[in-house]
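Some notes on the structure that comes next.
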Amino acid sequence: MIALSINGKSYDVDVEDDTPLLWVLRDTIGLTGTKYGCGIAQCGACTVHIDGVATRSCQVPISTIGTQKITTIEALAQNGKLHPVQQAWLDLDVPQCGYCQSGMMMAVVALLKEKPKPTDADIDAAITNICRCGTYQRVRAAIHAAANNA
Amino acid sequence: MTYMPKIDMPKINRRSFVVGAATAGAGLALGFALPLGSDSGRAADAVPEIDAWVVVRPNDTVVIRIARAEMGQGTMTGLAQLVAEELGCDWSKVTTEFPTPGQNLARNRVWGDFITVGSRGVRLSNEYVRKGGAAARMMLTQAAADAWKVPASECSAANSIITHQPSGRTVSFGKVAEAAAKLEPPKDVPLKDPKDWTIAGKPLKRLDTADKIVGKPLYGIDVRRPGMLYAAINACPVFGGKLKSFDEAKVRGMPGVKHVLQVGDNAVAVVADSWWRAKKALETLPVVWNEGDNAKVSSASIAQFLAEGLTAEQTFVGNQAGDAKAALGGAAKLVEAVYSFPYQTHATMEPMNATALYTSERCEIWAPSQNAEGALQAVAAASGLPIGSCDVHNTFLGGGFGRRGEMDYVRQAVAIAKAVPGTPIKLLWTREEDTTHDAYHPITQCRMQGAFDANNTLIAFHMRISGQSIAAAELPQLLQNGKDPLVFQGINPGGAEGVFGYNIPNLLIDHAMRNPPVPPGFWRGVNANHNALYIESFMDELAHTTGEDPLAFRLKYLKPKQAAVLKAAADKAGWGSPAPQGHYRGLAAFMAFGSYVAACAEVSVDGDRVRVHRMVGATNPGHAANPEQIARQVEGSFVYGLSALLYGECTLNKGRIEQTNFDTYQVIRIDEMPQVETIVMPDGEFWGGVGEPTIAAAAPAVLNAVFAATGKRIRNMPIKNYDWHSA
């Protein structure tokens, strides 16, 4: 059994040590908001926070997490109130198919924690998630909107 | 706004489910008149429907049925707007639900087509969904009039309230819905003039955003069923190759492994209690393939095969006028160029998947499909059950782009589930399986020839396409004496889909069909992508040959609707005025999927790096159900087209696709996103599609700007392969 802290709750999971966090979240625990896109940390669809740091969960063996705290898209809204990043996403109607957007927003939340008023260059460097629908222009606008509303 | 989750489907009267396979065939082949539905269909909570498209709950909530798939293109919102417009309901009370193709079949296809390809979600169903909304409004109004004992003609409906004009009495939709549901649907259903629209045609927000930002389980990959097991699959890496053998004993004892199965004649799957365990066992499983003759195929052998078609005698003619060959022979000036366009993979963010449950009496799947009715037929065929004993629960799609019109993953999921009766099986492809087993953007080469007379007037034009036919591989019933009419998308002599835009007296456009053993498929934009690239690049070449401005040159020959969008894009981009320092502009215009589109690109080139700074797109879709969503489709189309132009290429070695994942198949990210400005300019004269046509304009506009910047004409895609040090 491996003990995990996810979205403020404790879980004990019975999986092999090398099982990626992504698949523990999705299949073992049933938190399917975190998405599988590539399995090789290229696309960012599986981005979650580990102790606040945006991390591509497809590349994190479950045995390496220990007591670090995991946050997923499902816990971004608190007490029924959307996170400012989610609110900006809603206000600007960012998603199209929406599949990449959980990972996109998790990456953006971490960026804003580090750089509350990011420049376009900051965004280009930090947000490397893939969106095949091509929402990038709205993503950029929503990041600036979230930064200004925070 | 709440959204009906995918498993919460409308319940249909039991008796209507009694249909057989014969009915299915007839139903799928026939059209339908006025699909309102006099059947007593009910919403998930047993509230009776007004007609097939509309349910009104006692609390005034409106449920609008959406038959087309939602893969990000926004059709769900656009269709709901069209229904709500005619219904006269309060938009803030609108929710939606997807009926199933099984329900559609049982009700004589009351919801029409489910297939969501070819940018047709709105343009081909707008009339009957509007009538669905209008008929429901008429029935609600009649029910109120009946209760008041007044003529319905004295009553009007707006914002979910029916008003008796002479007395001022009012009642909400929800209060009369039960009575309205019992009325006969009207026979004559007039529609509003689009000029009077207040909901349709407006830039309303999407209905699905709220659910998509909180991680709700909306997609096929998120489906969970009680007792579900997971499957990972490998198909032969060589197209047409077969599975020879596998050594099950090597993985039998691995954690969680339940079954190791042959699937069809070319694949093997591992079923386990988690997908990761299934995938790990599959990677360990020794497999022997019978690769067959296609293992000799390479990109070089395919290129050679296609090159031969550029000068072949036997071709299919798609468009001709005058005598192009004679005019080319006697011309004062002849220009010739050869182009090529590679295989590309769709790369939807959500890899292929489906969840299937088979018993000896019934087979159901939960799948993200662009063709749920086709999936229903595939489920019936793969399960061996009557089609009336099968159904498909369509989910939201994590991207489609044409890939999810294919049925390969559906057949596989059902085949695996059939081997494990009573247990739901979620089949999920790895990204690697997805990239190497696609139905790829067809590969083509093209020889362009243009000729001028002594006055520098373009008098002859020959476009010879050599390459692959999607119809020959996927829809042979569309072939006309061997000719694939889809090949001529956007370069046809007439029709509503895509007409060649230039008036040239001597014209020949023909196709030498060359079908390599790599499955082609519908890839967002389809044949318009390369056709536009060839024509609009070459028009630029012709303009530079005579030293004319590329806009002025095009406008001399372009038809009016194509010219109008091109001028609009050029004007907004500032064509004719200086670009920012180091930036250069290029143009393209095309017609496809029933709409007229144009683009003006602004680029810079630094060494071997092309940077696209700005794209201005203009679209005349005839009618615009939601201009904001059209703008999003234009932005997304530029991204899809630019990824293809800069990086998109699948190559073959030993019969295998060499690219496997996003590390070897690059797409653009936010750092390469240009500023996009969209002009939506519907002229009200027709209904065109918006999900795809702009892709066609993206690449040639950029290539023409690159030529303006460097004097280098890139003719072989993608740009990443271009040798900048060549002449």
Side-chain angles (χ1 to χ4, degrees), chain A residues 15-16 18-20 22-24 26-28 30-40 42-45 72-77 82-83 85-87 89-91 93-102 105 120-121 123-125 127-140, chain B residues 70-74 205-206 208-219 221-222 224 230 255 274-277 280 346-351 396-401 428 430-432 628-629 632-633 635-640 642-643 661-663 667-676:
Chain A
V15 297
E16 288 75 67
D18 63 350
T19 308
L22 169 65
W23 296 106
V24 173
R26 289 188 55 83
D27 289 354
T28 312
L31 291 169
T32 53
T34 304
K35 297 298 192 241
Y36 166 64
C38 68
I40 57 168
Q42 278 282 318
C43 78
T72 70
I73 184 73
E74 286 90 348
L76 211 49
L82 292 178
H83 186 282
V85 168
Q86 288 171 309
Q87 189 62 49
W89 251 242
L90 183 64
D91 292 345
D93 232 359
V94 172
Q96 290 188 23
C97 90
Y99 190 83
C100 72
Q101 300 293 344
S102 294
M105 285 184 283
D120 282 339
I123 293 168
D124 287 348
I127 306 302
T128 57
N129 302 47
I130 294 175
C131 169
R132 287 288 280 158
C133 296
T135 61
Y136 298 128
Q137 180 156 303
R138 312 264 169 178
V139 166
R140 186 186 302 281
Chain B
E70 178 53 61
M71 54 192 143
Q73 85 282 31
K205 294 274 197 72
R206 296 177 66 109
D208 50 357
T209 301
D211 284 347
K212 286 180 173 175
I213 57 171
V214 294
K216 281 198 184 174
L218 303 173
Y219 306 92
I221 197 173
D222 301 335
R224 293 167 72 85
Y230 299 79
S274 83
W275 186 74
W276 181 254
R277 285 173 165 174
K280 268 187 78 174
H346 295 82
T348 60
M349 289 310 297
E350 179 190 18
F396 280 91
L397 284 58
F401 315 128
L428 170 63
T430 59
R431 171 60 58 192
E432 290 78 8
E628 260 298 307
Q629 300 312 324
R632 281 167 176 74
Q633 287 308 294
E635 291 159 20
S637 292
F638 281 142
V639 173
Y640 212 69
L642 293 181
S643 285
N661 205 322
F662 288 117
D663 53 347
V667 297
I668 71 170
R669 292 168 162 84
I670 203 168
D671 64 330
E672 290 189 290
M673 179 72 196
Q675 177 194 334
V676 175

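All values derive from a computational prediction rather than experimental measurement. Chain letters run A, B, ... following the sequence lines, proteins first, then strands; residues in each count from 1. Just so you know, these numbers use all the heavy atoms, side chains as well, and skip hydrogens, waters and symmetry mates.
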Step by step, work out the side-chain contact (heavy atoms from CB on, under 4.5 Å) result for L82(A) and V214(B). CA-CA 8 Å; L82(A) 292 178; V214(B) 294; 3.8 Å; yes

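- By number of non-hydrogen pairs under 4.5 angstrom with chain B, the leading residue of I73(A), V24(A), D27(A), V94(A) is D27(A).
- Side-chain atoms of N129(A) and M349(B), non-hydrogen and from C-beta on, never get closer than 4.5 Å to each other.
- Heavy atoms of D120(A) lying under 4.5 Å from chain B are absent altogether.
- Side-chain atoms of I130(A) and F662(B), non-hydrogen and from C-beta on, do get closer than 4.5 Å to each other.
- For I668(B), the parts lying under 4.5 angstrom from a heavy atom of chain A are both the backbone and the side chain.
- Of the atoms belonging to W23(A), it is side-chain heavy atoms, and not backbone ones, that fall under 4.5 Å from chain B.
- Heavy-atom distances place both the backbone and the side chain of I123(A) under 4.5 Å from chain B.
- Ion pairing of D124(A) with R669(B) is absent here, as no side-chain N (NZ or NE/NH1/NH2) approaches a carboxylate O to less than 4.0 Å.
- Proximity of a side-chain donor or acceptor of R132(A) to a complementary backbone N or O of A347(B) within less than 3.5 Å is detected.
- When heavy atoms are compared at a cutoff of 4.5 Å, S643(B) approaches chain A solely by way of its side chain, counted from C-beta outward.
- Using a 4.5 Å cut-off between heavy atoms, Q73(B) does not touch chain A at all.
- For F638(B), no part lies under 4.5 angstrom from a heavy atom of chain A.
- With rounding to the nearest 0.5 Å, the separation of OH in Y36(A) from CG in L428(B) is 6.5 Å.
- For chain B, no part of T135(A) is nearby; none of its heavy atoms comes within less than 4.5 Å.
- For a residue to count as touching a neighbouring chain, one of its non-hydrogen atoms must lie under 4.5 Å from one of that chain's; by this rule L397(B) touches chain A with the backbone only.
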